[in-house]
There are 2 protein chains.
Amino acid sequence: MARSGNGVEPPQPPGDGAPTAELPKVTDRAVGRARAIPEAAVARLAVYLRVLSAMADQGAVTVSSEELASAAGVNSAKLRKDLSYLGSYGTRGVGYEVEVLVSEIERTLGLTRKQTVAVVGIGNLGHALANYAGFPGRGFPVEALFDVDPDLIGVPVGGLPVQHIDDIPKVCAQKRIAIGIIATPPAAAQGVCDRLVAGGVQCILNFAPVVLQVPSHVEVRKVDLAVELQILSFHVARKAEQRHAGRSAAKRAERNGRAPANRAGQRNGGRATARRTPSNGEVV
Amino acid sequence: MARSGNGVEPPQPPGDGAPTAELPKVTDRAVGRARAIPEAAVARLAVYLRVLSAMADQGAVTVSSEELASAAGVNSAKLRKDLSYLGSYGTRGVGYEVEVLVSEIERTLGLTRKQTVAVVGIGNLGHALANYAGFPGRGFPVEALFDVDPDLIGVPVGGLPVQHIDDIPKVCAQKRIAIGIIATPPAAAQGVCDRLVAGGVQCILNFAPVVLQVPSHVEVRKVDLAVELQILSFHVARKAEQRHAGRSAAKRAERNGRAPANRAGQRNGGRATARRTPSNGEVV
DNA sequence: CCGATTTTGTGCACACGTTCACAAGCGTTA
DNA sequence: TAACGCTTGTGAACGTGTGCACAAAATCGG
């Protein structure tokens, strides 16, 4: 959702739609603000889901916030707050029922209905994505592949024939594709994006290093290898510098501590892990 | 998962919040640290760098914060604040010199010295990564590949022979690998991670859907396809629900606006775009 | 040399997200 | 049944990041 620059909060309607829960605790400080799960929390919910699924597979029936938190790499307070966005599904003094949590999170994340996916750009990465059939466990079936290369058109990749990108609007509309994944060279990305939007795609996962322009009703998320590496590079540099100039203020006793730290979760600005797929093969 | 004796809780070292413990609330961070660039800003700097490089290639000499901001998909105030972390390299009434900004950002991100990269797990994704020779433009040369599969060992991928993961510590130490990329199945990830750490790798980019345990001096970033998709799924669900229950508060005047929205940048928790590589081919 | 114009740099206020700490609720045991 | 221990749910403090608005440079025109 586009966070509008001029401070106009989009009309987040009150319809909360918890199945059994009646009135939510409307703590609105502004008007009509029922409950909106923070973006950061959504990302973590996905991680919890993966961990919970694994636990369920091992026969666990209940978990405490403490257990789940440490397995997910966050602190328990944050976890409880995140779960509280779903409603009150825990039992004080006991913990959470794994089954219940799983289905609540799935419902909240909209995983109860399949979201069909299209991959555009069948290069190295696109190929990998297309072959990752069924995608994360289940729930995200890849139903269309596109590219410009004439040599690729018609060739089946991962069981699906590649189609031409000019057909994107038609095919996407017809197959009701919900999510488009862009894995094209940067130059082609915006054009592809426009076609996806024309085809009624609601969300885009963009691997191309470009800032896409989209209508406000389309959600875009970006994954950018180069940026990830550069951020890491920054940290390397910062540490090196710290080590050099290091004396005075920096006695960093813990610097070389080999304990399994992982405090504050994996550094990733708000992302996290996956889900289910307890035993499958290669990642992507 | 009963709590009982199952003290899976690893030796949570000093650092911070252990549950129910009076811990030293040392604000060590504050000491002497005049400037610490916020993580979020670092991610954006990488985007600015890419945009600036493109501009430089087109012969631009100066940019205003307004121009650069809109090209990068952020607002100009934020951009100026971000740049101010580097120091004062702008000229009031004029703007910024492209060359200067580029080199300042490169310096800050530690791109002045090459960071060598190793890729572990030569499956679909790993293959794609390995072939993406030279990586983002330049600056991140891939210098080692690893896998467990005996059939792969010795096979050259993207010009480099694949080595066995047991050799990770030795090879990484020898080649002074700075960044390790994990593209293995989830089950293998932690083991690989440990080996990378043993090899002296300082940063890890993790594509496996697992929460890695690492010593506190190692930086980890995670890229998780499943989570990305689930976040998008959440938004689809939220919109659908909004549309159904939609009336009352929701008059969404702008809902279908086709304007090049994209304000506040691409939703991605703090990530962004890439850099240079003005004319190359397939992404990854 | 002065004023008009442009654009940076930043103080400030606000919103968001994280962490703390504790009352409320549940199960168990005496 | 009452008291106790455990764990959730959340109000409130805190910290960080974002956006606004304006004073401070710098250039240009007269």
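So you know, we letter chains A, B, ... as the sequences are listed, proteins then strands, and number each from 1.
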### Task
Before giving the answer on side chain to side chain contact (heavy atoms under 4.5 Å, CB included), spell out for A:Q190 and A:V210 the whole-Å C-alpha distance, their side-chain angles and the decisive distance to 0.1 Å.
CA-CA 8 Å; A:Q190 184 62 55; A:V210 208; 5.8 Å; no
### Message
Using a distance-only criterion (donor-acceptor N/O pair, under 3.5 Å, no hydrogens), is the base of D:dT8 paired with the side chain of A:R92?
### Response
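Checked by distance alone, the answer is yes.
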### B:S65 side-chain N/O to C:dT8 phosphate OP1/OP2 under 4.0 Å
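For C:dT8, OP1/OP2 do have a side-chain N/O of B:S65 under 4.0 Å.
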### Query
Quick one: is C:dT7 close enough that its OP1 or OP2 comes under 4.0 Å of any side-chain N or O from B:S64?
no
Which nucleotide in the list [options] gets nearest to the side chain of [X]?
| X | options | value |
| --- | --- | --- |
| B:K81 | C:dC20, D:dG19, C:dG17 | D:dG19 |
| B:S84 | D:dT10, D:dG17, C:dT10 | C:dT10 |
| B:S88 | C:dG9, C:dG17, D:dG17 | C:dG9 |
| B:Y96 | C:dG9, C:dC26, D:dC20 | C:dG9 |

Take the protein atom [atom1] of [X] and the nucleotide atom [atom2] of [N], then report the distance between them rounded to whole Å.
| X | N | atom1 | atom2 | answer |
| --- | --- | --- | --- | --- |
| A:Y85 | D:dG11 | OH | P | 11 Å |
| A:R80 | C:dC20 | CZ | P | 11 Å |
| A:L79 | C:dT19 | CG | P | 12 Å |
| A:Y48 | D:dT8 | OH | P | 13 Å |
| A:E104 | D:dT8 | CD | C1' | 16 Å |
| B:R44 | D:dT16 | CZ | P | 15 Å |
| B:Y89 | D:dA26 | OH | P | 16 Å |
| B:E39 | D:dG17 | CD | P | 9 Å |

### Query
With nearest nucleotides of DNA chain C determined for A:G93 and A:P38 from heavy-atom distances, which residue corresponds to the more 5′ nucleotide?
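Closer to the 5' end of DNA chain C: A:P38.
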### Query
Under a 4.5 Å cut-off applied to non-hydrogen side-chain atoms, are B:L45 and B:L86 in contact?
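A side-chain contact exists here, since the closest heavy-atom pair is under 4.5 Å.
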### Task
For A:A208 and A:P186, work out which heavy atoms get closest and say how close.
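Closest pair (atom of A:A208, atom of A:P186, distance): CB-CA, 4.2 Å.
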### Message
Under the criterion side chain to side chain contact (heavy atoms under 4.5 Å, CB included), I'd like the reasoning laid out for A:Y96 against A:E67: C-alpha separation, chi angles, the key distance, then a yes or no.
### Response
CA-CA 10 Å; A:Y96 302 87; A:E67 288 173 301; over 6 Å; no
### Message
Nearest 0.5 angstrom please: A:H235 NE2 to B:E39 CD, how far?
### Response
3.5 Å
